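Working notes for the structure below.
Excluded from the calculations below are hydrogen atoms, water molecules and symmetry mates; all remaining heavy atoms, backbone and side chain alike, are included. Here the structure is a predicted model, which is why all the values come from computation and not from measurement. Just so we're on the same page: letters track the sequence lines, and every chain starts at 1.
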Amino acid sequence: MAYVDSLLSKCTSFSQLKQLQAHLVTTGIFQFYTCRAKFLDFCAVSSAGNLPYAAYIFRSITFPYKNEWNAIIRGLAQSPKPIDAVTFYVSMSRLPCKPDALTCSFTLKACARALARSETPQLHAHVIRFGFASDVLLRTTLLDAYSKCGDLDYACQAFDEMDVRDIASWNALIAGLAQGNRPTEALQLYKKMRENMEPNEVTVLGALSACSQLGVNKEGDRVHEYIKSRNLDCNVIVCNAIIDMYAKCGLVRKAYEVFNEMKCSRTHVTWNTMIMALAMYGDGEQALELFEKMGQTGIEPDSVSYLAAICACNHAGMVDDGMKLFDAMDRCGVSKNVKHYGSMVDLLGRSGRLDEAYKIVESMPTVPDVVLWQTLLGASKTYGNVEMAETVSKKLVEMGSNHCGDFVLLSNLYAAQGRWHDVKRVREAMKGQDVKKVPGFSYIEVGGTIYKFMNGDMNHPKWKEIYWKLDEILLRIREYGYVAETNYVCHDIGPEEKENALCYHSEKLAVAFGLISTQDGTCISVNKNLRICGDCHVVIKLISKIYEREIIVRDRTRFHRFKNGACSCKEYW
DNA sequence: ATAGGGTTAG
């Protein structure tokens, strides 16, 4: 069979593969099922192959042998319709030819790719029943399937229950936690792993991704140092992750250094990451320059590149450039998705061109999603357009959105115009419905330790000191005659309670904590749910002036650098 | 003796 292997490995196109099949049939080798299985596997999986053709051959076999089933299931698992692999698995398990560990492995891979949440535990039961539970590789696949389907608690449980874990098991859970919005736990696990074994390239990707999300540059630096000290292979994926980490931690310069000095050749992801990094800093010109350069280097901008470039225009207030790019996409045959429309709506909305933004929404070929309407609502609030805000709010309610921010934004808009009656009406509607209160939270890394703050948080051991600091800030801001006049975001209050609201913003808690713990010159805070805008800008600007500190705040989409009472972000928001 | 873990996006 080594003969068949060597012949197969020489096939680089489908026509060669068919020639080989003819050869195998005439020489009679093809009647041996081991040969057929090898052929099917290659045909179903390799780039020279063709899955439908493999399936066609498979159907002509009366009693397929186990490896032939496996070949087809493996091929289906990595096809665009992975769920079909599960269907095949089910048919197979009804036959005398029972699945083996590999069959389960391929099918679990299919579950992971198809996000088949209910099928994964069923496969888990089979794995136990068939007695494959001691197979480390299979259990890692299982763990990964749980985590990819969003059942991270099961993934953690699967990990805990393993009596033997190898590096891939650790990597699967670290990456799962990082991608599943649990970056703190991902980093904890990474640290725990280092006590037991040496991380490799894949491990650091999970750790870097977690650092990116948290915006913790000290920890990110440590991971980078580790990569260098252990001479881990700095392949393009690792470089991309490092660039992204520095960019999201407020160190674009370092990101750019890595981008310039990387030894391996750049991919789309590399360019896109760097363009997006510049976009987050509001450096529109450089981002567009890089976008141009990317094309010149022979890598045609893809859909994400355009998104990053439009986003750069968005953050730099370059409305015309953004519109040009948006139009260029159709000409260049690059597909648009809801994010491109979202960014355009934001771009037009932020510059006050609400009607044009609304037209963009109407021109969409797909149904606009919640985030898109929220963007438009935000812009309506900024520009005090009650009529638009009411239209958009209705849409949001129709879509069943029950996010507190949607109601609060409308309520704040009424409040800004002194329409307290309407404020009350919205607040009451909120109580009537099942509104999800999503607390904003922020992270700050001080002296290498990560702290998390939520609205009204009293969990930190130094919470009293932090609130004292906030009171002091409040007092000193009053001396400037500013008072927290516009500060009623996200709070269920009337005009008389406005002032107190200042204390409850998570990023302000984080800033106050950064001021107490003076080890760091800069302070990075990340707020995942809210956008730093309006009142927040005013308050943090003043803090930077009063305390002579540079404060960098990263919100969902961009960086805001506050220094000497000014913000580097263009302020048309 | 064919298998598990991986980077960018409003």
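Around the NZ atom of A:Lys359, the shell of radius 6.0 Å holds no more than 12 heavy atoms that belong to other residues, nucleotides or ligands. Summarising the local packing, NZ of A:Lys191 is surrounded by more than 12 heavy atoms from other residues, nucleotides or ligands at distances under 6.0 Å.
At a threshold of 4.5 Å between non-hydrogen side-chain atoms, the residues A:Cys104 and A:Tyr89 count as touching. The side-chain heavy atoms of A:Tyr246 and A:Asp221, taken from C-beta on, include a pair separated by under 4.5 Å.
Side-chain N/O atoms of A:Asp166 and base N/O atoms of B:dG4 include a donor-acceptor pair closer than 3.5 Å. Taking only distance into account, the side chain of A:Asp369 meets the base of B:dG10 through a donor-acceptor pair shorter than 3.5 Å. For A:Thr140 and B:dG4, a side-chain-to-base donor-acceptor distance below 3.5 Å is present, hydrogens and geometry of angles not being considered. Below the 3.5 angstrom threshold, one finds no donor paired with an acceptor across the side chain of A:Asn337 and the base of B:dG10.
A:Tyr341 comes within 4.0 angstrom of nothing in the nucleic acid, heavy atoms only. If you check every strand for non-hydrogen atoms under 4.0 Å, A:Val136 touches a base. Counting non-hydrogen atoms under 4.0 angstrom, A:Leu108 reaches nothing in the nucleic acid. If you check every strand for non-hydrogen atoms under 4.0 Å, A:Thr270 touches nothing. Residue contacts shown for A:Ile167 include a base, since a base heavy atom lies under 4.0 Å away. Within 4.0 Å (heavy atoms only), A:Val338 reaches at least one base atom of the nucleic acid.
Rounded to whole Å, the distance from CD on A:Glu198 to P on B:dG5 is 22 Å. Rounded to whole Å, atom P of B:dG6 lies 14 Å from atom CD of A:Glu201. Whole-Å rounding puts the A:Phe291 CZ to B:dA9 P distance at 17 Å. Following rounding to the nearest Å, A:Met364 (CE) and B:dG10 (P) show an atom-to-atom distance of 15 Å. Straight-line distance from the CD1 atom of A:Ile72 to the C1' atom of B:dT2: 13 Å, rounded to whole Å. The nearest whole Å value for the distance from the CE atom in A:Met245 to the C1' atom in B:dG6 is 16 Å. The distance between atom CG of A:Asp100 and atom C1' of B:dT2, rounded to the nearest whole Å, is 10 Å. Between A:Phe42 atom CZ and B:dT2 atom P there is a gap of 13 Å when expressed in whole angstrom units.
Residue A:Lys66 has no polar side-chain atom (N or O) positioned under 4.0 Å from OP1 or OP2 of B:dT2. OP1 or OP2 of B:dG10 has not a single side-chain nitrogen or oxygen of A:Arg556 nearer than 4.0 Å. Residue A:Lys148 has a polar side-chain atom (N or O) positioned under 4.0 Å from OP1 or OP2 of B:dG6. For the OP1/OP2 pair of B:dT8 and a distance below 4.0 Å, the side-chain nitrogens and oxygens of A:Lys248 include no atom meeting the criterion.
Taking the centre of each ring, A:Trp271 and A:Phe259 come in below the 6.0 Å mark. When ring centroids are compared, A:Trp170 and A:Tyr190 stay outside the 6.0 Å threshold.
When each of B:dG5, B:dT8, B:dG10 is scored by its nearest atom to the side-chain atoms of A:Asp244, the top-ranked nucleotide is B:dT8. Which of B:dG6, B:dG4, B:dG10 sits closest to the side chain of A:Thr557 comes down to B:dG10. Considering only the side chain of A:Arg74, B:dT2 comes nearest among B:dA1, B:dG4, B:dT2. Listed candidates were B:dA9, B:dG10, B:dG6. Nearest to the side chain of A:Cys311 is B:dG10. Residue A:Leu307 places its side chain closer to B:dA9 than to any other of B:dG6, B:dG4, B:dA9. Of the candidates B:dG5, B:dA3, B:dG10, the closest approach to any side-chain atom of A:Asp144 belongs to B:dG5. Across B:dG4, B:dA3, B:dG5, the shortest atom-to-atom separation from the side chain of A:Thr141 is found for B:dG4. Side-chain proximity of A:Met276 to B:dA1, B:dA9, B:dG5: nearest is B:dA9. Closest to the side chain of A:Ser343, from the set B:dT8, B:dA3, B:dG10, is B:dG10. Counting only heavy atoms from C-beta on, A:Asp5 has its side chain closest to B:dA1 among B:dG4, B:dA1, B:dT8.
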Intermediate values then yes/no, salt bridge (charged side-chain N to carboxylate O under 4.0 Å, His left out), A:Glu225 and A:Lys228:
CA-CA 5 Å; A:Glu225 285 306 317; A:Lys228 285 192 276 192; 3.7 Å; yes
